[in-house]
2 protein chains.
Amino acid sequence: MIARAASELGLELAAFVPYRLNRLAVGVSNHLSDIYRERFGLDVPAWRVMATVGSQHGCTAQYIAQSTRMHKTRVSRAIAHLEKRELIERAPSTADRREREVRLTKAGRRMYAELVPLVLERERDLLACMPREQLRGLLAGMEALETFLGLQD
Amino acid sequence: MIARAASELGLELAAFVPYRLNRLAVGVSNHLSDIYRERFGLDVPAWRVMATVGSQHGCTAQYIAQSTRMHKTRVSRAIAHLEKRELIERAPSTADRREREVRLTKAGRRMYAELVPLVLERERDLLACMPREQLRGLLAGMEALETFLGLQD
DNA sequence: CACAAATGGTTGCGCGCGCAACTTTTACGC
DNA sequence: GCGTAAAAGTTGCGCGCGCAACCATTTGTG
């Protein structure tokens, strides 16, 4: 414990991993949201709902909330907003009448089909800033943290 | 580009790096904020101001804003809040009377001295979930992304 | 079968954020 | 030096978020 005495005298925020991680997440999110915000008028919750419903047709709000780790009220409002824009539609579930099955409309599917390739291309562009081996290292480290924090799945 | 055709059919949010990064940042932030929130009654902006002022005595709000990448209004309100709690104090700068030099009070220095070791210990605990070499890989990858996005320093 | 507990989902409320506008002071251009 | 632009910092405003409370429905338990 003597070894870390020096680093405790002053905490350097710029070298502090939690801070760097947050700054990085914000930076990456901004880099990405250029696409779905300016180009398609989606904010973060709406984008996540679109992304989830696009691959899990007929899922419930509850499923979206768990899958995206967003608060259920945030999901509820994002869905309401997207429904008003006629990008998704809801039908009461036959099995459980508390639930409502969420689906993309025709316009929603069109947007999804246009949006996903652009977003994935952005991700590739971003990750192309480092060599393959380094990327593997980054992902492995992220996975370790996710496991430690009970986030992965 | 043929190789990625399959992955474009459906975007899996759980494997999407921007989303994972955001989730990770939130998780790490929560893991950390247990300390400064419940124990010291600080929220994220207040904690960042404390951390910055603690190592840069007499700095300005502008400096804090750049250093933490927070909006200047967010900084302004965090400072006002901390001043009300008498953890920091402000004195008009002699050189430039628009500025106000921000310093920790005696109580602020006491809290800082108590807080920083706990926070750094939390960081170490977190990073101890992976072997040393993997941590090096994670940090290298993060640095590459920071450079690419023009974030570092 | 009835009643309590739990679940899916929505809404009212308070709060904190970012934007824009503003005040005060300093720097720049001629 | 005077006037305009720019910078430090604060404040009013609208908005989106999370919390808690709520409604409707379903599940569990005696």
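Given the structure is predicted, the values throughout are model-derived calculations rather than measurements. Numbered from 1 within each chain, the chains take letters A, B, ... in sequence-line order.
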Atom-to-atom span, [atom1] of [X] to [atom2] of [N] - whole angstrom:
{"X": "B:His71", "N": "D:dT10", "atom1": "NE2", "atom2": "C1'", "answer": "12 Å"}
{"X": "A:Lys72", "N": "D:dA21", "atom1": "NZ", "atom2": "P", "answer": "13 Å"}
{"X": "B:Gln66", "N": "D:dG9", "atom1": "CD", "atom2": "P", "answer": "10 Å"}

Touch class at under 4.0 angstrom, heavy-atom based, for B:Arg100 against every strand present: sugar-phosphate
First-last contacting nucleotides on DNA chain C - partner chain A, under 4.0 angstrom, heavy atom: C:dA6 to C:dC13
Check whether [X] reaches the backbone of [Y] with its side chain - one donor and one acceptor, N or O, closer than 3.5 Å.
{"X": "A:Thr60", "Y": "A:Glu101", "value": "no"}
{"X": "B:Thr147", "Y": "B:Glu143", "value": "yes"}
{"X": "A:Ser93", "Y": "A:Glu99", "value": "no"}
{"X": "B:Arg69", "Y": "B:Leu151", "value": "yes"}

Comparing A:Thr73 and B:Thr60 on DNA chain D - which has the more 5′ nearest nucleotide: B:Thr60
Upstream residue (5' side of DNA chain D) when B:Glu101 and A:Pro45 are each assigned their closest nucleotide: B:Glu101
Whether A:Trp47 and A:Tyr36 hold their rings parallel, tilted or perpendicular, with breakpoints at 30° and 60°: parallel
A:Leu138 CG to B:Leu145 CG distance, which is reported to the nearest 0.5 Å: 6.0 Å
Distance in Å, B:Leu42 CG paired with B:Glu38 CD, rounded so as to fall on 0.5 Å steps: 12.0 Å
Contact list for DNA chain C against residues 82-98 of chain A - heavy-atom distance below 4.0 Å: A:Arg90, A:Arg98
Pair B:Glu114 + B:Arg39, salt bridge at N-O below 4.0 Å: no
Which residue lies more 5' along DNA chain C, comparing A:Glu99 with A:Arg77 via nearest heavy atoms: A:Glu99
